Number of protein chains: 2
Amino acid sequence: MNQVLDRAVAAPLYKEVKRVLTQSLAQGEWQPGEALPSEARLAQRYGVSIGTLRKAIDELVAEGVVVRRQGSGTFIASHGANRLMFHFFHVVPREGDKQYPRTTTLAFRRGRADGAQAARLGISVGDPVLRIRNLLSLADKPVILDDMVLPQRLFPDLSERILTARDNTIYHLYQARYGINVLRTAERLRASLADAEVAKLLGVRKGAPLLAIDRVAYTYHNAPIELRRSLVNTAEHEYFSDIGK
Amino acid sequence: MNQVLDRAVAAPLYKEVKRVLTQSLAQGEWQPGEALPSEARLAQRYGVSIGTLRKAIDELVAEGVVVRRQGSGTFIASHGANRLMFHFFHVVPREGDKQYPRTTTLAFRRGRADGAQAARLGISVGDPVLRIRNLLSLADKPVILDDMVLPQRLFPDLSERILTARDNTIYHLYQARYGINVLRTAERLRASLADAEVAKLLGVRKGAPLLAIDRVAYTYHNAPIELRRSLVNTAEHEYFSDIGK
DNA sequence: AAGTGGTCTAGACCACCAT
DNA sequence: TGGTGGTCTAGACCACTTA
């Protein structure tokens, strides 16, 4: 049971513990929503004190990878919880409370990655990808048009039926069905103008200003797993970003 | 020397320590850039163990309020360091490396807060404010137009001369001259169209798409101290936002 | 060499949850 | 009631900075 760690020189012990723990998480040793072994057990397994083990888990908690529940255990962070619904969804009404989006899938196609997509997804040009177009409505009005690119390899049996049959977020589907846990996103925003096709879908005039968001979603080890271009009608909604605290 | 803490029931000791420490920081007991007393000294002063004291400071570090330097001390985070230059500045070239902005002050006026401004700044309608318009250039081309509103009360002697004579960021000026430490910002983004006046200043056509950013900057205790509306020409630049990690 | 923050340990006790 | 995470302590030793 006692698993001695290979200590890389000049690396703190708790970082080593965190690294090994992350490995186990990435390899699916415990399932999403499931509890990890108790802190005492993990400390014993890695041959470190509880304090050191806790410091490793502290960082995983700060990164949103796991969640502690006093008296209950430490769990893999789930994309299903309402609490996390808005962790990666940043469009809110300019006035009033947050709204839950309703998603309509407009297109589901298979294709091949071009140069830019391959580079950003860490795959090869021409590798098979899935291309998905979703229209997101808030308060029953279309607000966001999403175009996504996924490496086919990571989502072997994903079909339009499976995608639209989900009863939760897309990231929950990635996690529950494909064991892919989105931990981090990087977004780049610009202002653009609606072309005729997009204008029709979003119900705005051609040439209306739209917020364009280019997102890359990452899982463990900063491996990219999804590209997404979102076009947002910001007439009655806006994008929020809080830095610090 | 030993200062016993009033322990609020059901509040962990380290949270109390953090609260008292934050009070001292907010009241300027130590100056920006200056070192706090050593951890051992602070632990003794508050009558807690070093471990507890460290846990309090851990949170202040996570919030960017203070910075630890091994072998040297714990310092109030400074807005002057290059490292922090881009902590609150999120516009980068779409291609290539980050660029440092050059600021030109176009207007410096005194006025009175309207309803919306007063509400967001936590002051009363009609209270005196400063209105500043800055044009920010990247690689010698105008890219961002900033309109700022500051409560006059917090910046008693701020003049156009003092503003433009600074050799550092505006937030460094707030910190160094007025003891106001910007810790957090909240931003709301939308897409908009350039009107004639703005188009001329930014060198774009009227009706060109611009990224509009509404920012509120906060200091200790989440007290708002600045409103800022930025209009960004995103033809060759973009706004970045990384969530997680 | 003295002083600072960084790591690691071992153990006690508490608050909470499930049973 | 037993197991879990949460807090707090006391002390040892290490790594780094400054003078």
Side-chain angles (χ1 to χ4, degrees), chain A residues 1-21 25 30 33-78 81, chain B residues 1-21 25 30 33-78 81:
Chain A
M1 187 63 87
N2 187 310
Q3 165 186 350
V4 176
L5 300 177
D6 290 338
R7 293 219 46 184
V9 282
L13 186 50
Y14 77 91
K15 289 281 187 187
E16 273 304 294
V17 173
K18 180 187 171 190
R19 196 181 57 76
V20 175
L21 221 32
L25 288 164
W30 309 289
E34 191 182 340
L36 274 54
S38 75
E39 296 180 342
R41 231 178 293 273
L42 285 173
Q44 187 186 8
R45 162 150 138 193
Y46 297 131
V48 301
S49 75
I50 286 200
T52 300
L53 189 279
R54 276 184 65 81
K55 192 156 181 182
I57 293 190
D58 280 345
E59 295 205 349
L60 294 176
V61 170
E63 293 168 12
V65 175
V66 299
V67 177
R68 287 199 181 101
R69 286 190 220 137
Q70 183 175 96
S72 179
T74 302
F75 299 78
I76 299 189
S78 165
Chain B
M1 187 63 86
N2 187 308
Q3 164 183 351
V4 176
L5 302 175
D6 289 338
R7 292 218 50 182
V9 283
L13 186 50
Y14 76 91
K15 290 281 189 187
E16 272 305 293
V17 172
K18 180 186 170 191
R19 195 181 58 75
V20 175
L21 221 31
L25 288 163
W30 309 289
E34 191 182 337
L36 274 54
S38 74
E39 296 180 342
R41 230 178 293 273
L42 285 173
Q44 187 186 6
R45 163 151 137 191
Y46 297 131
V48 301
S49 74
I50 285 200
T52 300
L53 190 279
R54 276 184 66 81
K55 192 156 181 181
I57 293 190
D58 281 346
E59 295 205 347
L60 294 176
V61 170
E63 293 168 12
V65 176
V66 300
V67 177
R68 287 199 181 101
R69 288 192 218 135
Q70 185 175 95
S72 179
T74 302
F75 299 78
I76 299 188
S78 166

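Chain naming here is simple, since letters A, B, ... match the order of the sequence lines and numbering starts at 1 in each. Keep in mind that what you see is a predicted model, and the values were worked out from it rather than measured. All heavy atoms count here, side chains included; hydrogens, waters and symmetry mates do not.
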- Would you say A:Thr52 reaches C:dT7's phosphate, i.e. side-chain N/O to OP1/OP2 under 4.0 Å? no
- Message: Strictly below 4.0 Å: does A:Arg54 bring a side-chain N or O up to OP1 or OP2 of D:dG6?
- Response: yes
- Task: Report yes if a side-chain nitrogen or oxygen of B:Arg68 is closer than 4.0 Å to either non-bridging phosphate oxygen (OP1 or OP2) of C:dG6; otherwise report no.
- Result: yes
- Task: Give the rounded distance in Å between these two atoms: NZ of A:Lys18 and P of C:dT7.
- Result: 12 Å
- Note on the structure: Across all chains, not counting sequence neighbours, the side chain to side chain donor-acceptor pair (under 3.5 Å) partners of B:Gln70 are none
- Query: Within the structure, does a side-chain N or O atom of B:Tyr14 lie under 4.0 Å from either OP1 or OP2 of D:dT7?
  - Reply: yes
- Hey, could you give me each pair passing salt bridge (Lys or Arg N to Asp or Glu O under 4.0 Å) that has a residue in residues 46-57 of chain A? Not counting sequence neighbours. A:Glu39-A:Arg54
- Heavy-atom check, side chain of B:Leu60 versus side chain of B:Lys18, under 4.5 Å: yes
- With DNA chain C as reference, determine whether B:Thr74 or A:Leu53 sits nearer its 5' end, using the nearest nucleotide of each. B:Thr74
So which protein N/O to nucleotides 12-16 of chain D N/O distances come out below 3.5 Å?
residue: D:dC16; atom: O4'; partner: B:Gln70; partner atom: OE1; Å: 2.8

- Once you round it to whole Å, what is the distance between C1' of C:dC16 and CZ of A:Arg69? 13 Å
- Using atom CZ of B:Arg41 as one end and atom C1' of C:dA2 as the other, report the distance to the nearest whole Å. 12 Å
- Message: Can you measure B:Lys55 atom NZ to C:dT7 atom C1' for me and round it to whole angstrom units?
- Response: 16 Å
- Carboxylate-amine/guanidinium proximity below 4.0 Å for B:Glu59 and B:Arg19: no
- Task: Report the distance from atom CD1 of B:Ile57 to atom C1' of C:dT4, rounded to the nearest whole Å.
- Result: 12 Å
- Here the distance between atom C1' of C:dT4 and atom CD1 of B:Ile50, to the nearest Å, is 10 Å
- Message: Do B:Leu53 and B:Tyr46 have side chains that approach each other closer than 4.5 Å (heavy atoms only, starting at C-beta)?
- Response: yes
- Task: Flag the pair B:Asp58 and B:Arg68 as a salt bridge only when some basic side-chain nitrogen lies within less than 4.0 angstrom of an acidic carboxylate oxygen.
- Result: yes
- Message: Can you tell me if A:Ser38 touches the phosphate of D:dT4, counting only side-chain N or O atoms and a distance under 4.0 Å to OP1 or OP2?
- Response: yes
- Which atom names give the shortest non-hydrogen contact between A:Pro37 and A:Leu42, and what distance separates them? O-CD1, 3.5 Å
- Query: Rounded to the nearest Å, what distance is computed from the CD atom of residue B:Glu39 to the C1' atom of nucleotide D:dG11?
  - Reply: 15 Å
- Task: Starting from P on D:dG5, measure out to CG on A:Leu60 and report it in whole angstrom.
- Result: 14 Å
